[in-house]
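Structure first, then comments.
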Protein chains: 2
Amino acid sequence: MSETPAAPARMTRQRAAVAEVLGDTDEFRSAQQLHELLRSRGDSVGLATVYRTLQALADGGEVDVLRAEDGESLYRRCARREHHHHLVCRSCGRTVEIDGPTVEAWATQVGATHGFDDIEHTIELWGTCATCRERV
Amino acid sequence: MSETPAAPARMTRQRAAVAEVLGDTDEFRSAQQLHELLRSRGDSVGLATVYRTLQALADGGEVDVLRAEDGESLYRRCARREHHHHLVCRSCGRTVEIDGPTVEAWATQVGATHGFDDIEHTIELWGTCATCRERV
DNA sequence: ACGTGTCATGAGAACCATTCTCAGTTGAAC
DNA sequence: GTTCAACTGAGAATGGTTCTCATGACACGT
Ligand SMILES: [Mn+2]
Ligand SMILES: [Mn+2]
Ligand SMILES: [Zn+2]
Ligand SMILES: [Zn+2]
């Protein structure tokens, strides 16, 4: 019944660097983007380690993960740890965190109505943010 | 302004076979599952052709595509061509088509409120169907 | 400060769904 | 029947992600 099931175990330069770059960005970013960001900062971290660290953070609920339309996973440290959804800019990753009490209720009820158990829902909104719309 | 932008062009044994197997199943199925189903029927079709045909059907709005949690694409010929969502059994693919007028309005409005254009939404519900719950 | 055991790292290989290549095949129009 | 663009399929290529395993380095006890 723990919120954070797997403790991160041992702190390393690499894990600190990944945590820091996540703290510095507000947009959803792919593992490869984060890897490149780290390299360009001088805090070079192996790609495998970036993936491992992101996965651990995701398991612990520290970062949210979503799938871009091309299937790539995108990661972001959100402001709140509570369940929420996202409105994400397709071209720059800019993100707005969304609350949907209505949708939550709707999703749960629809599942129950049809006799399904262990209902989960995927709700993500994609669009083009105002800034990206400018630079046609 | 055409509903079906790219006409399927030329009819072949392979395309007919893919269409038929899609018509016979009510569950979301992966390309590889469909490929194997075709092989087991004797209507063998190359895997590349299965993928190409599914993509063409998806482009024409004849089949719906969604991504399983592991990233695999799943295909299904739905009863209606109009926009709708799905409640899908994680273990067998059994599907209920869902209408959500409320959710539609909500999604559109959230996007607009934050100044995003070209809003699209992904809304999928996953669960365990009554039948699959039995066979623990 | 050291020694020690355990966990973490990273380069590269492996994985795997999907797409691409291209030589051979075939639908369908005339 | 001829013709040719469209289609097919075996296998190679792609690309994000995971795995392998030899090497490196946290953290704890001394
Ligand atoms: Mn929700
Ligand atoms: Mn909708
Ligand atoms: Zn943007
Ligand atoms: Zn089921």
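The figures here come from the full heavy-atom set of this structure, side chains too, leaving out hydrogens, waters and symmetry mates. A note on names: the letters A, B, ... follow the listed sequences, proteins ahead of strands, and every chain is numbered from 1.
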Using atom [atom1] of [X] as one end and atom [atom2] of [N] as the other, report the distance to the nearest whole Å.
{"X": "Leu34(A)", "N": "dG16(D)", "atom1": "CG", "atom2": "P", "result": "14 Å"}
{"X": "Gln55(A)", "N": "dG16(D)", "atom1": "CD", "atom2": "C1'", "result": "13 Å"}
{"X": "Arg15(B)", "N": "dT26(C)", "atom1": "CZ", "atom2": "C1'", "result": "12 Å"}
{"X": "Arg67(A)", "N": "dT18(C)", "atom1": "CZ", "atom2": "P", "result": "11 Å"}
{"X": "Asp43(B)", "N": "dT8(D)", "atom1": "CG", "atom2": "P", "result": "14 Å"}
{"X": "Leu74(B)", "N": "dA17(C)", "atom1": "CG", "atom2": "P", "result": "12 Å"}
{"X": "Leu47(B)", "N": "dT19(C)", "atom1": "CG", "atom2": "P", "result": "10 Å"}
{"X": "Arg39(A)", "N": "dG10(C)", "atom1": "CZ", "atom2": "C1'", "result": "15 Å"}

| query | Do you see a donor-acceptor pair shorter than 3.5 Å between the side chains of His83(B) and Glu104(B)? | reply |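 Looking only at side-chain atoms, Glu104(B) and His83(B) do form a donor-acceptor pair, the distance falling under 3.5 Å.
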Is it true that [X] and [Y] make a salt bridge, defined as a side-chain N closer than 4.0 Å to a carboxylate O?
{"X": "Arg76(A)", "Y": "Asp26(A)", "answer": "yes"}
{"X": "Arg41(A)", "Y": "Glu20(A)", "answer": "yes"}
{"X": "Arg81(A)", "Y": "Glu62(A)", "answer": "yes"}

Nearest to the [X] side chain among [options], which nucleotide is it?
{"X": "Thr12(B)", "options": "dG27(C), dG12(C), dA8(C)", "result": "dG27(C)"}
{"X": "Arg10(A)", "options": "dC7(D), dA10(D), dA8(C)", "result": "dA8(C)"}
{"X": "Ala48(A)", "options": "dG11(D), dC19(D), dT17(D)", "result": "dC19(D)"}
{"X": "Glu72(A)", "options": "dA25(D), dT18(C), dG16(D)", "result": "dG16(D)"}
{"X": "Gln32(A)", "options": "dA17(C), dG16(D), dT8(D)", "result": "dG16(D)"}

| query | If each of Gln14(B) and Arg13(A) is mapped to the nucleotide of DNA chain D with the nearest heavy atom, which maps nearer the 5' terminus, i.e. the 5' end? | reply |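 Mapping each residue to its closest nucleotide by heavy atoms, the 5'-most match is Gln14(B).
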| query | Looking for any heavy atom pair under 4.0 Å, which part of the strands does Arg52(B) touch: base, sugar-phosphate only, or nothing? | reply | base
| query | How is Ser73(A) classified with respect to the nucleic acid when contacts are heavy atoms under 4.0 Å: base, sugar-phosphate, or nothing? | reply | sugar-phosphate
| field | More than 12 heavy atoms of other groups within 6.0 Å of Arg39(A) CZ | value | no
| said: Less than 4.0 angstrom between a side-chain N/O of Tyr51(B) and OP1 or OP2 of dT18(C), yes or no? | reply: yes
